[in-house]
Amino acid sequence: MKIKKYCVENVQEGMQQIKKDLGPDAVIIQSRKIREKGFRGLFSPVKVEITAAVDTSRPSHTVPREPERPPEQKLEREVGELKQLLSQLISGQQKRNIEEKGPFHRALQQLIDHDVEPALAQGVLAEIHQDYAVENALSDEVVRLILMKKIWERLRCAPLPENARILSFVGPTGVGKTTTLAKLAARFALYHHKQVGLITIDTYRIGAVEQLRTYADITGMPIEVVMTPKDMPRALERLADRELILVDTAGRNSKNSLHISELASFLGLLPSAETFLVLAATTKMKDLKVIIENFRKTNFSRLIFTKLDETENFGTLLNVACHTGLPLTYVTTGQNVPDDLEVANSEKLAKLILGVEQHA
Ligand SMILES: Nc1nc2c(ncn2[C@@H]2O[C@H](COP(=O)(O)OP(=O)(O)OP(=O)(O)O)[C@@H](O)[C@H]2O)c(=O)[nH]1
Ligand SMILES: [Mg+2]
C-alpha cells in the first residue's frame, strides 16, 4: 500500500495529480480543508489536503504512458475526466442525503441518545463536516476521535485559580452543595495543607447549620454563622487568618426571585469570591435552563456538577457548558466525604458524554 498526501487548490486539481502520480487504481481515503499554520494562515486561501492510497500488492492496472497527444485531444480527455469526477461527487452527495447511514449520522444519534441537545449535536457535526469534506471515507472510530476533541474543546474544564481565597456555593435545593463544600474543605486541608475556614449563610433550613458544623467539628475548622448581611464583615474578620474560606448557602427554589435577591445581597459582601453554581447531572436540561437564568443574579462564575454516579447520560454537562460558556471545575460522584469528588477533566468527561466510558 502506498499512501501519499497532496495539498492542492481544489479536489479536481488533486484528482489529476493523484491519477498522474499513483495511477487509476488510487483511491482517496481522506480530504479536508486546511489553512497554512500560524498568523499568515489567517489571510491565506483555504486549500484542500487529500490523502490518497494505492494497493501496490495487486497487479497494477496502470496503462503504459500514452504517447503525447495533440493539445485538442488532451483537453477533450481532461474535460471528460472532470465530467466523470463531477458525476461521482454528485452521486456521492445524493447517496449521503438519501441513505443517512454514514458515520456522522451514527455519531449524531449517539450524542442525542446521551442527552446532548439535538441542535448542539447537529452544530458540532456540521463543523466536522465542513473541516473534513469526504465523510464516507472516515471510519466510525475516526469520527468519534474528532468528535471527542470537539466536545473536549467545548467543555472548557478549568481548575480553580491559585489565588482564589473565598469560594461560595449556590444552587437549587438538595443538589449537594454542603456535601461538596465539605469534600473540598477536607481535601484542601488534608492534601494541600491549607488553613480553611467555613461560613454558612444557610439559616433558612432547620438543621442546615448543624450539618456543616458537624463537618467543621470533625476536621477542626472554624465556622461562622451569618444570619443577616450585617454579620458578614465580622465573620470575615474572624476568619482573617484563613488561607481559604468556603461559604455555604441555603438551597433555594430558584423560582422565588425574592430569595435569590436576598442570597445575592449576602454574596455581594464577599470580596472577589469565586461563586460556584452547583447543579445535579440528573436534572433535566429544560429545568436547568430555568435554574441558570434565575441564579444569574448571584453572579456565579464557575460550575460544579454533582451526582454523576446517578446517571448514565452526561450530555447535560456539555449542554450547560455551551449554554453558559462558563468553566466546569469539579464533578462529584457519590456521597462519600471527601473521596467522591474529582477535578473536572475534559478528556474523561468527553468520553463519558460519548458513552465510550461507562461510569463516572
Ligand atoms: N449519589 C450522590 N449523592 C450526593 C452527591 N452529592 C451529594 N449527595 C447527596 O445529596 C443529598 C443532599 O446533599 P446536600 O449536600 O445536603 O445538598 P444541598 O445542596 O446542600 O441541600 P440544601 O442545603 O438543602 O439545598 C445528600 O443525601 C448527599 O449525600 C453525589 O455526588 N452523588
Ligand atoms: Mg446544604
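Remember, it's 1-based here, ligands and their atoms both numbered in the order they're listed.
In this structure, of Gly171, Gly334, Ala250, the residue bringing a heavy atom nearest to atom 5 (C) of ligand 1 is Gly334. Of the listed options Ala281, Ala280, Gly174, Gly174 places a heavy atom closest to atom 22 (P) of ligand 1.
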Start with the C-alpha gap between Leu111 and Leu108, add the side-chain angles, then the distance that decides, and say whether side-chain contact (heavy atoms from CB on, under 4.5 Å) holds.
CA-CA 5 Å; Leu111 286 177; Leu108 178 68; 5.5 Å; no
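Side-chain contact, Thr275 with Ser301: no donor N or O sits under 3.5 Å from an acceptor N or O. For the 3.5 Å distance criterion, the side chains of Asp115 and Thr316 fail to qualify, holding no donor opposite an acceptor.
Although no hydrogens or angles enter the test, the distance criterion places no donor-acceptor pair under 3.5 Å between the side chain of Asn336 and the main chain of Asp339. Under the 3.5 Å distance criterion, the side-chain polar atoms of Asp231 are matched with a main-chain donor or acceptor of Met227.
By the criterion of a heavy-atom distance under 4.0 Å, the side chain of Asp309, and not its backbone, is placed next to ligand 1. If you look at Glu310 next to ligand 1, the close heavy atoms, those under 4.0 Å, all belong to the side chain.
Within the structure, ligand 1 lacks Asp340 among the residues with a heavy atom less than 4.0 angstrom away.
The nearest N, O or S atom of Thr179 is not closer to the Mg ion (ligand 2) than 2.8 Å.
Short contacts between ligand 1 and Thr332, defined as distances under 4.0 Å to a heavy atom of the residue, involve ligand atoms 30 (C), 31 (O). Below 4.0 Å from some heavy atom of Lys177 lie the following atoms of ligand 1, by number and element: 15 (O), 17 (O), 18 (P), 19 (O), 20 (O), 21 (O), 22 (P), 25 (O).
Between Phe276 and Phe169, the ring planes are parallel. Angles under 30° get that label, and only those over 60° would be called perpendicular.
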